[in-house]
Amino acid sequence: MPTFKNRKCYFHSEDIKHIDYKNTRLLRKFLTQYFKIVPRYYSGTCIKHQKEISTAIKNARIMGLLRFTR
Amino acid sequence: MDTRLAKYELMVILMPDMGESKTAEELQEVREQITATGGEILDEDLWGVRKLAYQIKKQENGYYAVFNFTFDTSKVHELETSLILNPQVIRQLVLRISDSYTLKKLADYEEQWAKDDLESKQKEDAEQERKDELKKPVRKVEKPLKKEEKVVEVKEEKEEEKPKKETKKIKEEVKEEKEEEEEKPKKETKKKKEEETDSRSKLDEFDEKLRSLINDPDITL
């Protein structure tokens with residue numbers, strides 16, 4: 001979790017342009033231990049990428065790659 | 001009507017216990033559907049039978065297949081409906097993709113994940129080694145030093161403990177006398193000061209401690 005001072009969007013720092021719903025290992029970083037989507041004020045992602053992550057996670061859930069809850 | 005082509009990605013989950021020939025037939029049907037309306041298959045990735053994260057249509061496993069293709073934008077809905085009506089298809093997902101997108105296959109992802117796991121393991125091991133290295137020599141060096149320090153510390157502590165007890169005694173006396181009369185304790189303390197003229201500086205310190213102790217509301221005898 002980035003601290004408030006030097007927080008930076010993960011996808012900007014790693015230079016990831018397309019968030020794939022098949023890359024479950026990456027999506028797992030933005031889920032809590034109960035498989036809820038981590039809010040923006042904890043993960044520090046920008047709004048654009050947060051929206052992309054949330055859609056990717058939802059697609060992965062529909063396709064049985066991730067579970068909805070634990 | 002103009003036909004506009006766009007890139008799409010289709011993921012299908014088929015029933016797992018159909019047999020190889022049947023699954024191949026089903027996949028061929030999907031491909032034919034795509035090519036029949038002027039589409040073109042760019043890339044495909046067959047994941048094979050995988051475990052589902054949760055039960056879908058009373059199935060624990062599913063056969064995953066991913067296609068990248070160009071398709072007529074106005075006929076995507078028909079493709080989706082036909083897939084939904086197919087009883088052999090557990091689930092399907094059609095997504096529109098940007099033109100620069102290239103399909104990254106599951107094997108690539110698995111390689112990446114294995115690499116990440118290795119890196120994280122190596123990091124953990126390195127950290128543990130560092131900690132162990134830090135711990136071992138420090139203990140060896142500290143042992144002789146600590147003994148010398150301990151002796152000094154014990155002496156200091158004893159010296160510190162004694163005056164505290166004295167102060168407590170004095171405090172008790174002072175409180176008892178306070179109950180009787182308020183002026184007497186001051187005189188007695190003065191007498192004590194006269195007796196111990198040599199250690200006046202110490203007494204002053206005790207007085208300060210006493211005052212702080214008496215003024216503290218938390219301490220009760």
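Only this structure's heavy atoms are used, side chains among them; waters, hydrogens and symmetry mates stay out.
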Chain A contact via B:Q55 - side chain, backbone, both or neither, heavy atoms under 4.5 Å | neither
Is atom CD of B:E80 surrounded by more than 12 heavy atoms (other residues, nucleotides or ligands) closer than 6.0 Å?
-> yes
B:W113 CH2 to A:T24 OG1 distance, which is reported to the nearest 0.5 Å = 3.5 Å
Nearest atoms (heavy-atom pairs only) where A:D20 meets B:Y101 = OD2-OH, 3.5 Å
Under 4.5 Å heavy-atom distance to chain A, tell me which part of B:L95 shows up: side chain, backbone, both or neither.
-> side chain
What part of A:L65 is in contact with chain B, defined as an atom under 4.5 angstrom from a non-hydrogen atom: side chain, backbone, both or neither?
-> both
Under 3.5 Å donor-acceptor, B:Y54 side chain and A:T69 backbone | no
Flag the pair B:Y109 / A:L26 as yes when at least one side-chain heavy-atom distance between them is below 4.5 Å, and no otherwise.
-> no
Report the distance from atom CG of A:N23 to atom NZ of B:K104, rounding to the nearest 0.5 Å.
-> 6.5 Å
Is there side-chain contact between A:I62 and B:M11, with at least one heavy-atom pair below 4.5 Å?
-> no
Any chance you could measure A:H18, atom NE2, to B:T102, atom OG1, to the nearest 0.5 Å?
-> 10.0 Å
Once you round to the nearest 0.5 Å, how far does CE of A:M63 lie from CD1 of B:I90?
-> 9.5 Å
Sidechain N-carboxylate O distance under 4.0 Å for A:K22, B:D108 | no
